[in-house]
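So the structure is just underneath, and the comments pick up after that.
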Amino acid sequence: MLKKISVDQLVVGMHLKEFCGSWMEHPFWRTGFVLTDPKDITSILASSIKEVWIDASKGLDVAVGQVAVSEAESDAQVEADLLAAVSERRETAPVSTDVEIQRAAQICLQSKQAVISMFQEARMGKAVDTGGAQRLVEEISDSVARNPGALISLARLKTADDYTYMHSVAVCAMMVALSNQLGLDEEQTRLAGLSGLMHDLGKAMMPMEVLNKPGKLTDAEFAIIKSHPEEGHRLLLTGRDVAPMVLDVCLHHHEKTDGSGYPKGLKSDEISLFAKMGAVCDVYDAITSNRPYKAGWDPAESLRKMAEWSNGHFDVKVFQAFVKSLGIYPIGSLVRLTSGRLGVVMEQTGKSLTTPKVKVFFSTKSNMRILPEMVDLSASGSHEKIVAREDPAKWRFSDLNELWSGQAGI
Ligand code: C2E
Ligand code: SIN
Ligand code: FE
């Protein structure tokens with residue numbers, strides 16, 4: 001019997017099934033174990049969690065004379081209850097990038113932990129838990145709704161060590177933003193986000209020394225890595241009710257429209273819309289991130305490179321929608337304005353893809369730093385325009401990311 005109880009009814013010996021409330025408030029990600037350490041109960045009581053689900057068939061029941069808040073017959077009922085609670089308190093009103101960045105940093109940190117646990121559990125042979133993942137996707141989609149660029153840009157600042165985990169979070173957020181751009185409905189958007197989160201799960205089964213190899217892979221090593229879509233697909237099949245879209249994106253995110261991808265070498269019309277979306281988001285986050293084998297490229301430069309490859313690799317319509325969802329100069333791009341000042345892109349303005357808000361901080365005329373100032377290129381009185389992308393590798397501003405994100409890294 002599954003029972004929802006108040007946290008002050010918890011005792012050692014109960015089987016903790018799930019935490020109620022926002023996923024972000026959970027002090028641990030792991031659930032589904034018998035409480036043996038009184039300290040765990042103390043930390044639950046100290047947290048903002050008010051209720052939990054217990055499984056009375058796997059541990060102690062509530063004390064005689066006490067009543068549960070509610071009861072459920074199946075895991076599906078518990079998951080529906082948890083999702084409903086999250087949906088009730090969704091916050092999606094638009095906010096500026098600097099406001100959302102604070103919250104996005106928190107979501108990124110916790111999401112990374114959650115993905116690490118998900119990969120560990122997959123390695124231990126446990127069935128995949130998409131219930132927890134779904135609630136995570138809701139947090140990420142709400143951040144994208146409040147500000148489409150904040151979390152996506154912040155997730156790009158991952159370190160090479162964290163790459164695989166934060167990459168899942170980043171692709172999840174981009175799949176949501178791209179679905180919104182394509183006008184997909186809420187259910188499809190949610191599934192697209194979930195597909196993004198799970199797409200590289202198969203990397204959990206890849207040898208760490210190959211995945212984190214600092215240099216180019218040998219043919220034999222690449223042959224191993226190429227099995228990750230099938231490995232991920234196999235792992236996802238162990239989960240309960242994993243949606244066909246999630247399975248499809250996992251298996252086919254490395255297919256290319258000209259048929260040269262893997263595992264099946266599918267051609268454009270054989271690849272689903274969602275797998276095509278996955279391919280674009282996957283490559284963009286890969287090349288803009290620092291990875292064990294390559295340093296990340298500037299976001300605007302990356303879009304330009306992808307446009308060159310798009311014929312053959314990507315679906316052109318999907319790629320165009322992707323560019324619209326990020327802007328031609330995504331947040332964090334280094335640009336030169338007509339005045340000769342250099343700035344970093346802070347925010348899209350929604351009016352035109354080429355008129356974002358830019359924080360200027362350097363004068364190429366005097367070759368000196370200037371007091372940072374926000375310039376809205378979409379403002380009617382603005383005389384400034386972007387004249388060029390600038391190569392951050394050439395300028396080497398050590399605080400470039402801090403300038404737009406307000407933080408040194410995540
Ligand atoms: P990943 O690093 O997440 O990259 C995902 C995909 O982004 C790649 O799939 C590829 O389609 C695209 N991509 C990434 N970097 C570049 C690039 O510099 N140029 C171009 N044109 N495309 C790029 P792919 O190639 O099938 O690789 C799958 C995974 O295999 C990679 O995921 C990474 O984990 C691993 N891998 C590939 N090459 C190397 C390498 O030389 N060294 C190491 N350590 N890992 C590699
Ligand atoms: C390379 O290191 O050039 C291969 C990158 C990739 O295709 O992932
Ligand atoms: Fe992959």
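Sequential numbering from 1 along the given sequence is applied to the chain's residues.
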Trace of the side chain to side chain donor-acceptor pair (under 3.5 Å) decision for Thr257 with Asp315: CA-CA 6 Å; Thr257 50; Asp315 179 281; over 6 Å; no
With sequence neighbours excluded, what pairs up with Tyr165 under the ring-ring contact (aromatic ring centres under 6.0 Å, His included) test? Phe119
State which residues pass ring-ring contact (aromatic ring centres under 6.0 Å, His included) with His15; sequence neighbours excluded, sorted by chain then number. none
Salt-bridge contact [X]-[Y] (side-chain N to carboxylate O under 4.0 Å):
X: Arg146; Y: Glu91; value: no
X: Arg341; Y: Glu373; value: yes
X: Glu308; Y: Arg304; value: yes
X: Asp142; Y: Arg90; value: yes
X: Lys267; Y: Asp258; value: no

Any side-chain donor paired with an acceptor under 3.5 Å for [X] and [Y]?
X: Asp98; Y: Trp404; value: no
X: Asp200; Y: His253; value: yes
X: Glu347; Y: Ser96; value: no
X: His167; Y: Asp162; value: no
X: Gln9; Y: Ser6; value: no
X: Lys158; Y: Ser289; value: yes

Salt bridge (Lys or Arg N to Asp or Glu O under 4.0 Å), that's the test. Do Arg156 and Asp285 meet it? Break it down for me. CA-CA 7 Å; Arg156 180 169 62 74; Asp285 187 64; over 6 Å; no
Enumerate the salt bridge (charged side-chain N to carboxylate O under 4.0 Å, His left out) contacts for residues 318-338, please, sequence neighbours excluded, ordered by first and then second residue. Arg336-Glu390
Show me the pairs that pass salt bridge (charged side-chain N to carboxylate O under 4.0 Å, His left out) and involve residues 354-366, at least two apart or across chains. none
Give, for atom [atom1] of [X] and atom [atom2] of [Y], the distance between the pair rounded to the nearest 0.5 Å.
X: Leu266; Y: Ser260; atom1: CG; atom2: OG; value: 11.5 Å
X: Gln188; Y: Asn180; atom1: CD; atom2: CG; value: 12.0 Å
X: Lys256; Y: Ser310; atom1: NZ; atom2: OG; value: 12.5 Å
X: Leu136; Y: Met118; atom1: CG; atom2: CE; value: 8.0 Å
X: Ser333; Y: Leu303; atom1: OG; atom2: CG; value: 7.5 Å
X: Cys108; Y: Ile101; atom1: SG; atom2: CD1; value: 8.5 Å

Here the ring-ring contact (aromatic ring centres under 6.0 Å, His included) pairs for residues 342-367, sequence neighbours left out, are Phe361-Phe397, Phe362-Trp395, Phe362-Phe397
Test side-chain contact (heavy atoms from CB on, under 4.5 Å) applied to Leu82 and Arg135, step by step: CA-CA 8 Å; Leu82 295 171; Arg135 277 174 283 148; 3.6 Å; yes
Can you name the closest pair of heavy atoms from Met198 and Cys250 and give their distance? O-SG, 4.2 Å
Test side chain to side chain contact (heavy atoms under 4.5 Å, CB included) applied to Lys3 - qualifying residues, sequence neighbours left out: Met1, Ile5, Ile54, Asp61, Val62, Ala68, Glu71
Would you call Tyr293 and Leu217 a side-chain contact if the rule is heavy atoms closer than 4.5 Å? no
Quick one, Val283 and Phe314 - any side-chain contact, counting heavy atoms below 4.5 Å? yes
Apply side chain to side chain donor-acceptor pair (under 3.5 Å) to the pair Glu230 and His233, showing each step before the final yes or no. CA-CA 5 Å; Glu230 279 150 322; His233 188 255; over 6 Å; no
Name of the residue among His199, Lys264, His228, Lys226 meeting side chain to side chain donor-acceptor pair (under 3.5 Å) with His254: His228
Whether Phe222 and Tyr262 hold their rings parallel, tilted or perpendicular, with breakpoints at 30° and 60°: perpendicular
